[in-house]
Amino acid sequence: MKESLIYGKKKVVTGNHAVSYGVLLSKAEVIAAYPITPQTQIVELLSEFCASGLLKAKFIKVESEHSAMAACVGAAATGCRTFTATSAHGLALMHEMLHWAVGGRLPIVLANVNRAMGPGWSVWTDQNDSLSQRDVGFVQFYCESNQEVLDTTIQAFKIAETCLIPVMLVLDAFVLSHTSEPVDIPYQEDVDKFLPPYKPKYFLDVNDPRAFGGLTSPDHYYEIRYKIEEAHRKALKVSEEVDNEFYQIFGRKYGVVESYQCEDAKLILVTSGTITGTARQVIDEERSKGKRVGLLKIRLFRPSPISQIKEILTKAEKVAVIDRNISFGHSGIFCQEIKSILYNEIRRPMVFGFVIGLGGRDVVPDDIREIIDFTYKADYPEEMVYFRGVRL
Amino acid sequence: MRWQFANDIKEYMNQGHLACPGCGGAYAMRLALKALGKNTIVVIPACCWSIIDGPFPLHCLEVPVYHTAFETAAVVASGIRAALDIKGKTDIEVLAFAGDGGTLDIGIQALSAACERNEKIIYACYDNEAYMNTGIQRSSATPYGAWTTTTPRENFKKERKKNISEIIAAHRIPYVATASIGFPDDLILKFKKAKEVKGTAFIHIFAPCPTGWRMAPELMIKISQLAVDCKIFPLYEVFDGVKYNINYQPKNIPVKEYLRLQGRFSHLTEKEIETIQKEVDDNWEILIKKTRI
């Protein structure tokens with residue numbers, strides 16, 4: 001692949017390849033991955049980049065996702081910029097090593113293509129794979145477009161390396177992963193300016209022989225966890241700074257959340273991932289009919305942008321949270337998060353939770369309209385969670 | 001002659017480690033590092049060595065150590081290798097140092113994959129024939145006849161020990177060797193060879209656990225020599241998975257001499273001991289045949 005054909009051009013690429021270009025531009029040094037639909041194209045293209053010499057990285061073709069993350073752990077602990085990608089069962093298999101990456105304070109970047117968990121086997125999108133990893137301590141970004149995917153990949157390395165915390169960027173299966181959109185591929189020198197080489201303070205060094213991750217007594221473990229929490233709080237601030245810095249160079253920014261038409265809104269929808277794009281269109285229509293509706297897109301899920309969410313949502317009377325995931329026996333996971341953020345506010349909106357689109361079932365504008373109508377008319381959320389269109 | 005290298009005064013393992021008295025695994029590490037020297041990074045998965053190294057912020061080795069999850073020694077070592085290579089630090093060795101559980105059981109998938117990729121790492125398994133760190137539970141390295149807490153009384157282990165060296169040799173990696181802490185110079189020489197190999201080297205170390213074997217700690221060396229001399233644990237090398245070389249001619253001591261020193265075998269009847277003797281003799285014949293290929 002010729003360099004002149006890539007950099008500084010607008011290319012029509014899939015979400016998967018947007019990740020690959022992001023990793024290429026970020027000059028990852030070690031990549032370890034295992035194939036899984038719908039992620040595989042990410043690492044196939046990275047293999048091409050490595051084979052052609054365009055990306056000077058070591059690509060370890062491991063035998064499982066658990067080993068993919070373990071290899072990244074080893075490489076990152078030795079001071080390399082590392083990357084892996086996975087999906088659904090692959091992410092679930094990685095679970096133990098996700099903890100290791102966080103506890104080891106290793107700035108690994110992971111792209112997860114949101115895919116529903118089996119059984120029954122599904123390759124289509126929902127968020128239960130990544131949200132099941134909520135508490136491991138990865139930073140999590142949910143992306144709406146392929147441009148955002150590429151840009152978030154580059155930003156992810158910077159946030160990870162600044163805060164020494166791993167970052168997961170998440171994109172919807174097929175709706176983004178296999179859908180082509182025009183994407184601006186930045187110039188390498190601009191990315192180099194934004195993201196200098198990774199130079200860790202602590203790494204496996206034969207001239208300074210330390211032990212990493214050894215037996216830790218109750219005298220120390222608590223403080224080490226506290227420092228991870230501190231790193232997350234820092235990551236929230238850093239995510240905004242990095243986004244602003246990115247804007248200065250590339251002219252694009254996303255925010256940790258995005259408030260759309262929320263200023264005078266009585267009802268605010270809360271969305272993440274590609275449902276946001278559909279909702280945005282419906283909000284425009286409803287606004288033209290005079291309905292005071294707005295949209296809050298959650299881009300950064302962890303660390304939780306608590307004050308940003310509070311500031312936007314406390315002005316509304318009602319909030320409808322749309323979840324493409326479910327915590328069985330309770331409700332959608334974003335809905336729980338929003339409720340917990342708002343609970344202590346004296347003036348707080350009523351929160352309605354909707355679970356739709358599981359296993360990749362299409363979410364169309366009519367679904368969003370129904371949710372808006374329902375929430376508008378209801379006085380109180382009688383149910384913890386509402387399902388739409390269950391065909392029994 | 002046998003102690004020429006082992007008495008080399010340069011130590012990379014310090015006092016104050018947390019091993020039990022008579023720990024074969026602790027001595028195995030001490031010897032391995034004498035062979036490999038300062039330019040070594042050690043990967044330790046969950047095993048006794050997770051404890052032996054010492055609690056945070058202390059550690060007893062004069063080389064960097066990465067402690068990792070149970071099943072990941074070989075692949076974390078692969079990740080470190082890749083990182084060192086991309087940084088041009090090709091003069092640094094990566095040593096994965098795992099117990100038998102972490103090697104023969106939970107870690108075999110990642111180990112097999114690292115061998116298939118022929119990663120330039122040294123993988124050493126210090127085999128004390130059970131899950132000793134969790135308190136003596138049977139592993140696939142536990143031999144026939146042994147008592148453990150999960151093979152108690154008359155339910156002593158009825159299955160044979162998994163032959164890990166043969167499994168790894170079948171990957172056709174350049175170097176596989178067995179070693180015993182009762183033969184320190186042989187062990188050290190094998191680590192020195194492993195360092196020179198272009199690809200994966202696997203060393204299977206006989207490393208007794210007096211605590212788990214119900215045995216006096218001072219028998220640590222003696223039992224490690226007896227295991228070899230009664231052919232239970234022959235010392236040999238396999239080059240490229242096909243060329244076998246026996247390093248030491250055993251003295252043909254009956255297995256009974258080895259078994260009777262260990263409480264874990266104290267329940268065995270004469271008949272059961274005969275069964276073990278026959279299996280050991282048969283295995284030796286198979287090994288001899290392999291050297292003639």
Side-chain angles (χ1 to χ4, degrees), chain A residues 27-32 34 56-64 66-82 84 94-101 103-104 106 108 198 200 202-221 223-224, chain B residues 12 18 37-46 49-87 89 91-94 96 106-107 109-117 119 121:
Chain A
K27 294 186 173 170
E29 295 167 289
V30 176
I31 297 164
Y34 186 78
K56 284 165 192 63
K58 281 266 175 186
F59 192 133
I60 312 175
K61 285 103 180 180
V62 288
E63 86 300 339
S64 74
H66 192 279
S67 283
M69 186 47 68
C72 287
V73 162
T78 316
C80 278
R81 184 169 288 163
T82 58
T84 188
M94 269 183 195
H95 175 77
E96 182 191 26
M97 297 318 289
L98 298 180
H99 279 287
W100 220 274
L106 301 170
I108 296 161
Y198 173 47
Y202 304 105
F203 59 99
L204 290 163
D205 181 1
V206 291
N207 296 315
D208 184 16
R210 309 287 178 127
F212 295 77
L215 181 68
T216 308
S217 76
D219 285 340
H220 295 105
Y221 188 91
E223 283 68 26
I224 291 172
Chain B
Y12 296 91
L18 298 183
K38 173 181 172 282
N39 275 1
T40 307
I41 293 173
V42 179
V43 179
I44 298 176
W49 256 100
S50 313
I51 311 298
I52 297 171
D53 190 39
F56 173 85
L58 307 170
H59 90 122
C60 73
L61 301 181
E62 292 195 12
V63 293
V65 172
Y66 202 81
H67 290 279
T68 186
F70 215 160
E71 63 280 54
T72 61
V75 66
V76 168
S78 303
I80 292 171
R81 177 79 270 156
L84 291 171
D85 288 350
I86 202 94
K87 287 181 178 296
K89 297 178 182 174
D91 59 331
I92 297 174
E93 283 303 319
V94 187
I106 198 169
Q109 175 177 322
L111 171 59
S112 171
C115 290
E116 187 268 336
R117 295 191 303 268
E119 297 279 358
I121 59 171

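As the structure is a prediction and not an experimental result, all values here were calculated from the model.
Looking at Phe203(A), the atoms closer than 4.5 Å to chain B (heavy atoms on both sides) all sit in the side chain, from C-beta outward. For chain A, no part of Ser112(B) is nearby; none of its heavy atoms comes within less than 4.5 Å. Contacts between Ala76(A) and chain B at a heavy-atom distance below 4.5 Å are absent for every atom of the residue. Of the atoms belonging to Met69(A), not a single heavy atom falls under 4.5 Å from chain B. With a 4.5 Å cut-off on non-hydrogen atoms, Asn39(B) touches chain A through its backbone and its side chain both. Proximity to chain B is limited to the side chain of Glu96(A), based on heavy atoms less than 4.5 angstrom apart. When heavy atoms are compared at a cutoff of 4.5 Å, Ile60(A) approaches chain B solely by way of its side chain, counted from C-beta outward. Both the backbone and the side chain of Val62(A) come within contact range of chain B, judged by heavy atoms closer than 4.5 Å. In this structure, chain A has heavy atoms under 4.5 Å from both the backbone and the side chain of Thr68(B). Contacts between Ser67(A) and chain B at a heavy-atom distance below 4.5 Å involve backbone atoms as well as side-chain atoms. Interface residue His66(A): only side-chain heavy atoms are found under 4.5 Å from chain B. Contacts of Glu116(B) with chain A are absent, with no heavy-atom separation under 4.5 Å from either backbone or side chain.
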Side chain to side chain contact (heavy atoms under 4.5 Å, CB included) between Ile92(B) and Leu204(A), worked out: CA-CA 11 Å; Ile92(B) 297 174; Leu204(A) 290 163; over 6 Å; no
Evaluation steps, side chain to side chain contact (heavy atoms under 4.5 Å, CB included), between Ser50(B) and Ile44(B): CA-CA 7 Å; Ser50(B) 313; Ile44(B) 298 176; 4.3 Å; yes
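Note on Gln109(B), Glu62(B), Lys38(B): by heavy-atom pairs under 4.5 Å with chain A, the leading option is Gln109(B). Counting heavy-atom pairs closer than 4.5 Å to chain A, the top-ranked of the candidates Arg81(B), Glu71(B), Glu119(B) is Glu71(B). Between chain A and the residues Cys60(B), Pro55(B), Ala74(B), Ala82(B), the largest count of heavy-atom pairs under 4.5 Å involves Ala82(B). Heavy-atom pairs under 4.5 Å with chain B were tallied for Gly213(A), Ala211(A), Cys80(A), Ala68(A); the largest tally goes to Ala211(A).
With a 4.5 Å cut-off on side-chain heavy atoms, Val206(A) and Lys89(B) do not count as touching. Within the 4.5 Å cutoff, the side chain of Trp49(B) has heavy atoms near those of the Leu61(B) side chain.
Listed here is the closest heavy atom pair of Ala83(B) and Thr78(A): CB-CB, 3.5 Å. The shortest heavy-atom contact between Ala96(B) and Ala73(B) is CB-O, 3.9 Å.
Thr82(A) places no side-chain N or O within donor-acceptor distance of the main-chain N or O of Ile108(A), the cut-off being under 3.5 Å. For Lys58(A) (side chain) and Ala75(A) (main-chain N/O), no donor-acceptor pair under 3.5 Å exists by modelled atom type. At distances below 3.5 Å, not a single donor-acceptor pair connects side-chain atoms of Thr72(B) with backbone N or O atoms of Phe70(B).
Put simply, the residue from Val65(B), Val75(B), Val94(B) that forms a side-chain contact (heavy atoms from CB on, under 4.5 Å) with Val43(B) is Val94(B).
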